[in-house]
Amino acid sequence: MDMVNRQVDQSRIGVSDYARKLLAHIAELAQREHHDGRKPGVAYLPEVHESCGLDVDAMYACLKELQQAGLVAVEGKYPFEEVRVSN
């Protein structure tokens with residue numbers, strides 16, 4: 001089972017639908033190959049926000065929910081924060 005499906009399996013996570021969708025989006029971005037010197041396995045928060053379809057407040061609320069559930073970790077300082085999907 002790939003990382004996106006494993007992390008988004010509803011039977012294993014107790015988060016809202018929006019948070020689960022954001023987690024799938026973060027996992028997808030983190031898996032992409034980057035040719036611009038970015039760290040592998042992380043999604044950059046500005047890129048997540050620009051492409052997730054949520055406004056800033058909603059995105060941060062879902063991100064907080066994912067962090068509290070232990071599904072993601074946010075590293076770095078604003079505006080260069082990185083989101084890593086937890087194993």
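All heavy atoms count here, side chains included; hydrogens, waters and symmetry mates do not.
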Taking all atoms of both residues into account, what is the closest heavy-atom pair of [X] and [Y], and its distance?
X: E82; Y: V42; value: CB-CB, 4.0 Å
X: A69; Y: V15; value: CB-CG1, 3.8 Å
X: V48; Y: A43; value: CG2-CB, 3.7 Å
X: C62; Y: A19; value: SG-N, 3.8 Å
X: G76; Y: E81; value: O-CG, 4.0 Å

* To do: Mind checking side-chain hydrogen bond (donor to acceptor under 3.5 Å, both in side chains) for E75 and listing every partner two or more places apart, or none if nothing turns up?
  =>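 Testing E75 for side-chain hydrogen bond (donor to acceptor under 3.5 Å, both in side chains), a comparison that skips the adjacent residues, returns R84.
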The residue among V56, L63, L54 that forms side chain to side chain contact (heavy atoms under 4.5 Å, CB included) with H49 is V56
Might you work through the side chain to side chain contact (heavy atoms under 4.5 Å, CB included) test for Y60 and L45, ending with a clear yes or no? CA-CA 10 Å; Y60 273 108; L45 201 54; 3.4 Å; yes
How far does CD of E47 sit from NE2 of H25, to the nearest 0.5 angstrom?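 So the CD of E47 and the NE2 of H25 are separated by 7.0 Å.
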Let me see the working for V85 and I26 under side chain to side chain contact (heavy atoms under 4.5 Å, CB included), right down to the final yes or no.
CA-CA 7 Å; V85 177; I26 290 167; 3.9 Å; yes
### Task
Go through the steps for L22 and C52 under the test side chain to side chain contact (heavy atoms under 4.5 Å, CB included), then give the verdict.
CA-CA 7 Å; L22 182 61; C52 75; 3.9 Å; yes
Check your understanding: After noting the C-alpha distance and the side-chain angles of R32 and E28, does the key distance pass the salt bridge (charged side-chain N to carboxylate O under 4.0 Å, His left out) rule?
Key -> CA-CA 7 Å; R32 289 185 182 169; E28 184 179 320; 3.5 Å; yes
